[in-house]
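To keep things clear, I will list the structure first and then write my remarks on it.
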There are 2 protein chains.
Amino acid sequence: MNSQEEVIDFVINGHKDYLPHVSIDSVIFGYHHQQLKILLLKWIGHIGWGLPGGFIKRREPLTDAAYRILKERTRLSDLFLQQFHVFGDSPYRAQERSPAEFREKYGAVTSEDNWLFQRTLSIGYFALVDYSKVDITTDFFTNDFYWCDVNEVPFLLFDQNEVVEMALKMLRLAIYHQPIGYNLLPEKFTIPEIHSLYQTILGKELDQRNFSKKLLTLGLIKKLDERRSIGPHRSPYLYQFDKANYEEALKEGIVHTY
Amino acid sequence: MNSQEEVIDFVINGHKDYLPHVSIDSVIFGYHHQQLKILLLKWIGHIGWGLPGGFIKRREPLTDAAYRILKERTRLSDLFLQQFHVFGDSPYRAQERSPAEFREKYGAVTSEDNWLFQRTLSIGYFALVDYSKVDITTDFFTNDFYWCDVNEVPFLLFDQNEVVEMALKMLRLAIYHQPIGYNLLPEKFTIPEIHSLYQTILGKELDQRNFSKKLLTLGLIKKLDERRSIGPHRSPYLYQFDKANYEEALKEGIVHTY
DNA sequence: CCAAAAGTGTTGGGATTACACCCATGT
DNA sequence: ACATGGGTGTAATCCCAACACTTTTGG
């Protein structure tokens, strides 16, 4: 969506293609160089930053919509994506918005009952990506983006600070129940790499010996007979996720602590 | 909603009061006499049983809507109610429904684009109630109800079997993270009572000694200096939830197994 | 006194934690 | 040779699971 015409058409006719009253907000966690960040977009006409999101097509399965929205933004498919909450309580989510606002901001005339300004619930999804591999697309509505450290999130649009907080909480809960990392690490990775990933997500230190013991005991990863060369240091062994056990654990859940 | 007029008005004009495209489905778990059941309703015009549910008012916070729908049905407020998933993937949730169907079933004429027949996502909530204390209300759409054992759920409308399964899974997950029981037990209860509640929910046996030790260690309950007289048997001590710790655990979560 | 249900403690094994030194590698 | 980061084992503790007999009560 890049030309002014497309945008006007989306505003005027979007309700024919998309469901009104429901949107998807994605908290895209990016991991790279031992930092956990989230993707924020500059929505034009608003001061401040907001989350990526979108609408669901009229006949599109919900999960497909979530993947599509993510893919349009990041060009990635096949990543860890999980629904975590529906937001519909904050004043921003219970009231209508003003079309007058839109007129001012985008210079377009809309009717009072335009679909975009009616009350909209938001379904929160979180995703995990390696942000160095992502090619972020902007469009007419969003002319800038940045990766923001999870510990330094600025004031966001609407109730989105609450969305981010909840996403982080659910991610940290999820990591105790599901294996995480498949989409954030190269296919073959070292213990220090996955160790540091988990530490970053949980925001706390994990004993290195105990950590690798645990992952191996759970059967989630297996040691390979190869090493990675990392410059002037001892070469770490490479590991791989044990696909069968990983899938099993994703489905059945794990009960443990790290 | 009991008269035919009210119903017709709801069908024709409901979209002025309620959000289209989104509904709430409630899985109401009822516990009594060591049995875990769910509330099913007979929706007229459909063969088979379905879940209670409803729509969200245009300006109503989502959580309020969930409580209102539950209260209209059970006359209970102040109970354990938790959002657990949004359903929008099954063919039933991705397609429109046919107004012709409605004409046949209810004898009312509706336009092709009536709000009730458009695609509707459903937000799943589960609740825990003591079903002996509940006074179920039926209405024009639902002329019968029954409490169905969770192990004997029949084929339900649309994708609702999936909803029930997920609810049960989430309830069993929740019981490991949050204290549960406040709304299902009298204010003062005995260890055998709460023990049996947990066994029923989890569908498995829990060692009595370890179980009470665990609850006391966690500080969730405290022993009172009273006993309950239960006929020709030894009188069990009464316990109470420790409100402060219970609330804390609800908010912060618990990591443990039983 | 009998039947039914409640109450109560200990132990062994497994898991978790805490902890520090040597090894490998490229420059 | 050295600086940097990787790899490895053990001991103490805690937590969990398993287990059975005695007490209380009303009829």
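Protein chains get the first letters and strands the later ones, always in sequence-line order, with residue 1 at the start of each.
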Show the distances under 3.5 angstrom between N or O atoms of the protein and N or O atoms of nucleotides 10-13 of chain C.
from   : atom 1 : to     : atom 2 : distance (Å)
C/dT10 : O4     : B/K213 : NZ     : 3.1

Atom pairs, protein N/O to nucleotides 24-27 of chain D N/O, distance under 3.5 Å:
from   : atom 1 : to     : atom 2 : distance (Å)
D/dT24 : O2     : B/R234 : N      : 3.0
D/dT25 : OP1    : B/R227 : NH1    : 3.3
D/dT25 : O4'    : B/H233 : O      : 3.1
D/dT25 : O2     : B/P232 : O      : 2.6
D/dG26 : O4'    : B/P232 : N      : 3.3

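Distance CG (B/L206) to P (D/dC19): 15 Å, rounded to an integer number of Å. What separates CD of A/E205 from P of C/dT17 is a distance of 14 Å, to the nearest Å. For the pair B/K214 NZ and D/dA18 C1', the interatomic distance rounds to 15 Å; values are reported in whole Å. We find that CG of A/L218 is positioned 17 Å from P of C/dG14, with the value rounded to whole Å. Here the C1' atom of nucleotide C/dT25 and the CZ atom of A/R228 are 16 Å apart, to the nearest Å. In this structure, CD of A/Q208 is placed 16 Å from C1' of C/dT16, rounded to the nearest angstrom. Spacing between atom CZ of A/F211 and atom C1' of D/dG9 amounts to 19 Å, rounded to whole angstrom units. Between the CG atom of B/L238 and the C1' atom of C/dA6 there is a distance of 13 Å, rounded to whole Å.
In summary, the side chains of B/S196 and B/Y31 do present a donor paired with an acceptor at a separation below 3.5 Å, with no hydrogens or angles considered. In summary, the side chains of A/H85 and B/H85 do not present any donor paired with an acceptor at a separation below 3.5 Å, with no hydrogens or angles considered. For the residue pair B/N143 / B/T138, no side-chain donor-acceptor distance below 3.5 Å is found, with atom types taken as modelled.
Heavy-atom distances to DNA chain C give each of B/E193 and B/D207 a nearest nucleotide, and the one nearer the 5′ end belongs to B/E193.
Using a 4.0 Å cut-off between charged nitrogen and carboxylate oxygen, A/R68 and A/E72 count as a salt-bridge pair. Salt bridge absent: A/E247 and A/K251 never bring a charged side-chain N and a carboxylate O closer than 4.0 Å.
Taking the six-membered ring where the residue is Trp, A/H46 and A/F158 present perpendicular rings, their angle passing 60° and hence far from 30°.
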### side chain to side chain donor-acceptor pair (under 3.5 Å) between B/R73 and B/S26, intermediate numbers included
CA-CA 10 Å; B/R73 202 52 88 179; B/S26 319; over 6 Å; no
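Sorted by first and then second residue, the pairs that involve residues 22-33 of chain A and meet salt bridge (charged side-chain N to carboxylate O under 4.0 Å, His left out), not counting sequence neighbours, are A/D25-A/R93.
With distances taken from any side-chain atom of B/R209 to the nucleotides D/dT8, C/dT16, C/dG9, the minimum falls on C/dG9.
Between B/Y125 atom OH and B/Q83 atom CD the span is 4.0 Å, to the nearest 0.5 Å.
Considering only side-chain N and O atoms, B/K223 lies under 4.0 angstrom from the phosphate OP1 or OP2 of C/dT8.
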